[in-house]
Amino acid sequence: MKKYFPHVRTLHLYIGLFLSPLIIIFSISVLVLNHTEFLKQVSPVKVLPDIQTHLDSIPNDTSDLVTAKLIIAKLGIKGEIEYIQRNADQISFPVSLPGLRSIVKVDRHTNEVLITQQNEGSLRATGYLHKMPGPHNVKIRGNSQLIKNWAFWADTFVYLLIFLSASGTFLWYFLKAERSMGTYAIILGVISFTCLLFLLFK
């Protein structure tokens with residue numbers, strides 16, 4: 001096993017450097033999600049002017065998702081459709097890009113369209129990516145290419161993080177000088193994790 005040490009060390013180093021920007025962004029996104037009131041003060045949401053327009057026609061004989069995707073294609077709006085509300089008079093749905101949220105409302109009788117938009121900023125964009133893709137709205141989730149690509153890369157990053165943890169343990173095992181400190185660090189990590197579980201489920 002020791003013969004693999006140099007190769008594992010090299011992979012551990014460069015994969016760690018490759019992942020470091022993502023880990024920083026992920027850390028920032030956690031702060032964004034946990035401190036919404038502070039975020040409102042340092043980076044308030046900017047409401048953009050409403051847009052009113054008209055569509056030549058909208059399909060009524062397709063699924064809600066297909067209809068919504070055709071509508072945003074005609075409007076030139078890109079992003080992930082979060083959910084869809086439809087009744088006899090109106091179809092409405094939010095469309096999100098990281099940092100920009102649009103709500104599209106279409107009158108099914110007149111084909112008049114009202115678009116309201118909010119510029120949420122780059123910090124909230126990290127929070128959006130942190131949550132997406134998530135377990136919500138599974139039936140329509142991943143309806144934009146952006147989120148499909150992000151789901152692939154998110155999985156890839158997680159697999160690489162698992163490798164970093166495993167390779168770090170492997171390297172520690174062969175570094176005799178660090179073995180005692182490493183043991184204390186692992187024990188401290190187990191204690192911290194146990195305490196967190198206790199606090200969460202208390």
Rounded to the nearest 0.5 Å, what separates atom [atom1] in [X] from atom [atom2] in [Y]?
X	Y	atom1	atom2	answer
S165	F163	OG	CZ	10.5 Å
L22	S27	CG	OG	9.0 Å
K46	L100	NZ	CG	12.5 Å
L70	L65	CG	CG	9.5 Å
D50	I115	CG	CD1	9.5 Å
R141	I81	CZ	CD1	15.0 Å

Shared hydrophobic cluster for [X] and [Y] (ILVMFWY, side-chain gaps under 4.5 Å):
X	Y	value
I15	W153	yes
L171	L13	no
I72	I140	yes
L55	V104	yes
V113	V95	yes

If you compare all heavy atoms of [X] against all heavy atoms of [Y], which two are closest, and at what distance to 0.1 Å?
X	Y	value
G99	A125	N-CB, 3.5 Å
S167	V8	CB-CG1, 3.6 Å
F157	L19	CD2-CD2, 3.4 Å
P98	L129	CG-CD2, 3.9 Å
Q117	I51	OE1-CD1, 4.0 Å

Quick one: does any side-chain atom of [X] pair with a main-chain N or O of [Y] as donor and acceptor, under 3.5 Å?
X	Y	answer
E80	G142	yes
K78	S144	no
D64	I84	no
R124	N119	no
T156	F152	yes

Is there side-chain contact between [X] and [Y], with heavy atoms separated by less than 4.5 Å?
X	Y	answer
L33	K131	yes
Q90	V106	no
R9	H12	no

**Report entry** F174 atom CZ, over 12 foreign heavy atoms within 6.0 Å
**Finding:** yes
Requested in this report: Decide if atom CZ of F5 counts as having more than 12 heavy atoms of other residues, nucleotides or ligands within a radius under 6.0 Å.
Outcome: yes
**Report entry** Any residue meeting side chain to side chain contact (heavy atoms under 4.5 Å, CB included) with H54, in chain and number order, not counting sequence neighbours
**Finding:**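 N111, E112.
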Report task. For I28, enumerate each residue passing the side chain to side chain contact (heavy atoms under 4.5 Å, CB included) test, keeping only those at least two apart in sequence or located in another chain. Result ->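 Partners of I28 by the side chain to side chain contact (heavy atoms under 4.5 Å, CB included) criterion, ordered by chain and then number, come out as I24, V32, L123, T126.
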Query - side-chain contact (heavy atoms from CB on, under 4.5 Å) between D89 and R108, intermediate numbers included - result: CA-CA 5 Å; D89 300 316; R108 297 182 65 193; over 6 Å; no
Query raised in the report: So which pairs with a foot in residues 82-132 pass ring pair (Phe, Tyr, Trp, His ring centres under 6.0 Å), sequence neighbours left out?
Result: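 Applying ring pair (Phe, Tyr, Trp, His ring centres under 6.0 Å) to every pair that reaches into residues 82-132, excluding sequence neighbours, yields F26-H130.
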Query raised in the report: Taking I91 as the fixed residue, which of R86, K105, Q85 is the one that meets the side-chain contact (heavy atoms from CB on, under 4.5 Å) rule?
Result: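 Single side-chain contact (heavy atoms from CB on, under 4.5 Å) partner of I91 among R86, K105, Q85: R86.
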Report task. Taking the six-membered ring for Trp and the full ring for Phe, Tyr or His, determine whether the centres of Y14 and F18 are under 6.0 Å apart. Result -> no
